[in-house]
Amino acid sequence: MRSAIALCPPRPHPFTSPWSSRALFLRPLSLHSKRALTLSPSLPRGSALVAAGNKPRHVSSEPVSNARDEEPGAADEAVQGLDLGWLPAFPHVFTASMANFLFGYHIGVMNGPIQAIAQELGFDGNPFLEGLVVSIFIAGAFIGSISSSTLIDRLGCRRTLQIDTIPLILGAVLSAQAHSVDEMLLGRFLVGLGIGVNTVLVPIYISEVSPTKYRGSLGALCQIGTCLGIIASLCLGISSESDPHWWRTMLYLAAVPAFILIVGMQFAVESPRWLCKVGRVADAKKVIGSLWSVSDVERSIEEIQAVITNDSIDLGSSWFDLLVEPHRRVAFIGGSLFILQQFSGINGVLYFSSLTFQDVGITNGALASLFLGITNLAGALFALYLMDKQGRKRLLTGSYLGMVISMFIIVYAINSPIDEGLGHNLSILGTIIYIFTFAIGAGPVTGIIIPELSSSQTRSKIVSFSFSVHWLPSILFHFDSHLIAWKPNRFANMVFHIIAVLGNMPDVFSLFQYN
């Protein structure tokens with residue numbers, strides 16, 4: 001009788017370790033596979049773990065995924081049935097992305113009812129206070145971002161996400177019950193603190209619990225969650241035009257997803273890297289076995305521990321480590337990408353788009369903003385599909401080039417002596433292209449790529465620093481936009497768009513600093 005092995009010879013099966021950059025296919029007695037899966041002890045500290053003796057090019061312990069480099073070929077890629085390798089990690093990633101839903105909701109919650117709030121709290125007609133009510137939320141986010149790394153290193157991602165959601169609930173309830181400007185400012189500031197920590201924490205958490213093959217696609221859920229939160233707040237904001245007290249209900253509702261997030265994270269897994277880092281190896285094995293692959297638990301643990309050993313990780317890593325190469329270079333790239341993302345003009349386009357829509361007869365500002373929110377969501381869904389197929393750098397470069405082209409269309413429509421109707425249509429077209437191309441790359445990729453570039457030793461601090469830099473120009477844009485909107489004119493709109501074009505140029509060039 002022929003043996004079972006002879007009747008059913010073992011087939012090559014894909015193995016994608018979350019701590020390497022290549023999708024490897026294991027074959028019986030394959031020397032190539034053995035060499036590719038062997039950790040190289042000769043790699044220098046802080047280098048990428050690159051299979052088959054390739055020279056390390058990244059400063060990160062987890063190289064940036066590039067689908068063109070990862071896929072071994074059509075013959076090897078064929079898999080029986082649907083590829084559901086992402087499914088075990090999806091519930092945990094989805095729960096964490098609720099934090100981004102809250103981020104988007106609080107971004108848009110003040111868009112519609114700000115005038116009703118100003119009238120009821122007694123600062124109507126005061127653009128300074130209107131801008132302060134909006135921008136103090138971002139000031140709180142800056143403080144939350146800069147302080148997040150300490151919490152993450154000490155408590156882990158799961159517990160930090162639960163604790164830091166508490167100020168989101170308290171701030172939402174306090175804002176909803178506000179009867180003075182001071183109470184409203186305090187509530188918005190508390191909300192900002194929670195959002196600041198979450199925006200740093202969620203990309204790190206997703207990158208560490210997701211299999212490498214699906215890390216980019218699952219990471220795109222951050223942007224999708226933000227878009228859905230904006231759309232939800234804008235939809236609810238439509239009722240504020242008929243009910244001047246509806247804004248209180250909108251702020252109360254913000255506490256509901258925050259409470260769901262706290263409860264949901266109780267059932268989510270902890271980052272296996274953090275578990276190994278604090279010596280809880282048995283728990284890390286359970287997480288890897290349930291989310292990645294049961295058969296490769298030991299190998300994945302060995303790789304994680306090798307990364308931790310090479311990076312000399314301890315719980316007391318210092319901020320001064322960011323001044324030392326190669327961490328300094330990654331921190332510079334992360335900060336540059338975020339600050340230039342803000343100077344690319346996204347806030348100006350989103351804010352002044354209502355003027356563009358008014359020119360073509362759409363006087364309902366909430367409806368126009370909702371349309372842009374849906375466009376943003378469509379781009380994020382497209383990014384979900386492309387993220388692991390085209391690679392981060394290609395997607396980011398194409399996104400910024402599309403934003404530059406759309407900005408030239410808008411400026412041309414404003415200043416050129418063409419038919420007024422055609423100019424209005426071109427302005428709308430340019431705005432839609434801008435939002436869509438931003439959502440494809442500049443929005444989601446910037447947050448995903450920084451944890452991947454960072455080494456395990458300083459990941460939380462580099463991401464914290466990058467997001468803190470991100471909030472600084474955002475404060476200025478949100479505050480100044482209310483002052484400009486006090487006396488809107490085409491000149492102000494044109495200046496914002498010209499600045500956006502100039503801001504996009506260095507973004508494109510900065511992409512080539514890291515190869």
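Predicted model only: the values in this text are computed from it and were never measured.
Side-chain contact between Val200 and Ile152 is present, with at least one heavy-atom pair separated by less than 4.5 Å. Side-chain contact between Leu174 and Leu170: absent, with no pair of heavy atoms (C-beta onward) separated by less than 4.5 Å. Ile163 places none of its side-chain heavy atoms less than 4.5 Å from the side chain of Leu151. At least one side-chain heavy atom of Met265 sits less than 4.5 Å from a side-chain heavy atom of Tyr205. Here the side chains of Leu337 and Ile449 are in contact, with some heavy-atom distance below 4.5 Å. Contact of the Phe189 side chain with the Ile143 side chain is registered, since non-hydrogen atoms from C-beta on lie closer than 4.5 Å. Within the 4.5 Å cutoff, side-chain heavy atoms of Arg188 are placed close to those of Val109. Side-chain contact between Asn100 and Gln223: absent, with no pair of heavy atoms (C-beta onward) separated by less than 4.5 Å.
The 12-atom threshold is not exceeded at CZ of Phe94, counting heavy atoms of other residues, nucleotides or ligands nearer than 6.0 Å.
Summarising the geometry of Leu190 relative to Gly171, their closest heavy-atom pair is CB-CA, 3.9 Å, with the distance given to 0.1 Å. Taking both residues in full, the closest heavy atoms of Ala254 and Tyr105 are given as CB-CE2, 3.6 Å, listed atom of the first, atom of the second, then distance. Between Gln341 and Ala442, the shortest heavy-atom contact is NE2-O, 2.7 Å. Residues Leu291 and Pro88 come closest through the heavy atom pair CD2-O, 3.3 Å. The two residues Ala383 and Ala439 have their closest heavy-atom pair at CB-O, 3.8 Å. The two residues Leu102 and Pro257 make their nearest non-hydrogen contact at CD2-CG, 3.5 Å.
Electrostatic pairing of Glu208 and Arg459 counts as a salt bridge here, judged by a charged N lying under 4.0 Å from a carboxylate O.
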Q: Run the numbers on Ile195 and Phe137 for side chain to side chain contact (heavy atoms under 4.5 Å, CB included), then give the verdict.
A: CA-CA 9 Å; Ile195 292 297; Phe137 154 77; 3.7 Å; yes
Q: Give the intermediate values and the outcome of side chain to side chain contact (heavy atoms under 4.5 Å, CB included) for residues Val93 and Ser210.
A: CA-CA 8 Å; Val93 173; Ser210 302; 3.7 Å; yes
Q: Determine, step by step, whether Ile428 and Asn425 satisfy the side chain to side chain contact (heavy atoms under 4.5 Å, CB included) criterion, reporting the C-alpha distance in whole Å, the side-chain angles of both residues, the deciding distance to 0.1 Å, and the verdict.
A: CA-CA 5 Å; Ile428 294 234; Asn425 292 333; 5.6 Å; no
Q. Would Arg215 and Thr212 count as a side chain to side chain donor-acceptor pair (under 3.5 Å) if you check the C-alpha gap in whole Å, the side-chain angles of each, and the deciding distance to 0.1 Å?
A. CA-CA 5 Å; Arg215 185 183 298 157; Thr212 301; 3.3 Å; yes
Q: Go through Leu372 and Ile230 one step at a time and tell me if the side chain to side chain contact (heavy atoms under 4.5 Å, CB included) criterion holds.
A: CA-CA 10 Å; Leu372 291 181; Ile230 294 175; over 6 Å; no
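Without hydrogens or angle criteria, Thr160 side chain to Cys157 main chain gives no donor-acceptor distance under 3.5 Å. Listed for the Ser217 side chain is no donor-acceptor partner under 3.5 Å among the backbone atoms of Tyr214. Side-chain atoms of Thr458 do not come within 3.5 Å of backbone N or O of Ser454 as any donor-acceptor pair. In terms of modelled atom types and a separation under 3.5 Å, the side chain of Thr397 and the main chain of Arg394 share no donor-acceptor contact. Formation of a donor-acceptor pair under 3.5 Å by the Arg248 side chain with backbone atoms of Ala176 is found in this model. Side-chain atoms of Ser145 come within 3.5 Å of backbone N or O of Gly196 as a donor-acceptor pair.
Atoms CG and CG, on Leu168 and Leu193 in that order, are 9.0 Å from each other to the nearest 0.5 Å. Between the CH2 atom of Trp247 and the OH atom of Tyr252 there is a distance of 9.0 Å, given to the nearest 0.5 Å. With rounding to the nearest 0.5 Å, the separation of CG in Leu251 from CD in Gln177 is 10.5 Å. Between Thr199 atom OG1 and Trp471 atom CH2 the span is 5.0 Å, to the nearest 0.5 Å. Separating the CD1 atom in Ile450 from the OG atom in Ser466 is a distance of 4.0 Å, to the nearest 0.5 Å. The distance from the CE atom of Met98 to the CG atom of Leu161 is 10.5 Å, given to the nearest 0.5 Å.
In this pair, Phe338 and Phe467 present their aromatic rings tilted. The plane angle is within the 30 to 60° band. Aromatic ring pairs are classed by plane angle as parallel below 30°, tilted from 30° to 60° and perpendicular above 60°; the pair Phe90 and Trp86 is perpendicular.
Cation-pi geometry between Lys461 and Phe465 is not met at under 6.0 angstrom from the ring centre and within 45 degrees of the axis.
A side-chain N or O of Gln162 and one of Gln266 form a donor-acceptor pair less than 3.5 Å apart.
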